[in-house]
Amino acid sequence: MAILVRILMWLAWLAAVGWFWHAGTLGTGAALALAALSLVVFAWPTSVARRRHNELRYVDMGKEPTGYH
């Protein structure tokens, strides 16, 4: 769900920048700079702590595998 929200916010950002550029409020350079900034803001990966919460972890039980000797 969070990815969908981020994508929708990114599209809304780009639509707003495009609308301001089309209306003449923003110049081409400013519109391109804001579009590049949107990639930094919305495409930035989530924090490391949040990713660690969902990843699988190996738990060492201290046992040797049997049958491989």
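This one's a predicted model, so the numbers in the text were calculated from it and none came from an experiment. Side-chain atoms are counted along with the backbone in the values below, which use heavy atoms only and exclude waters and symmetry mates.
No side-chain heavy atom of Trp21 sits less than 4.5 Å from a side-chain heavy atom of Leu32.
Between the CG atom in Leu4 and the CG atom in Leu8 there is a gap of 4.5 Å [rounded to 0.5 Å].
The minimum heavy-atom distance linking Leu14 with Ser38 is given by the pair CD2-OG, 3.6 Å. Between Val17 and Leu26, the closest heavy-atom pair is O-CD1, 4.2 Å.
Of the possible polar contacts, none joining the Trp13 side chain to the Leu37 backbone as a donor-acceptor pair under 3.5 Å is found.
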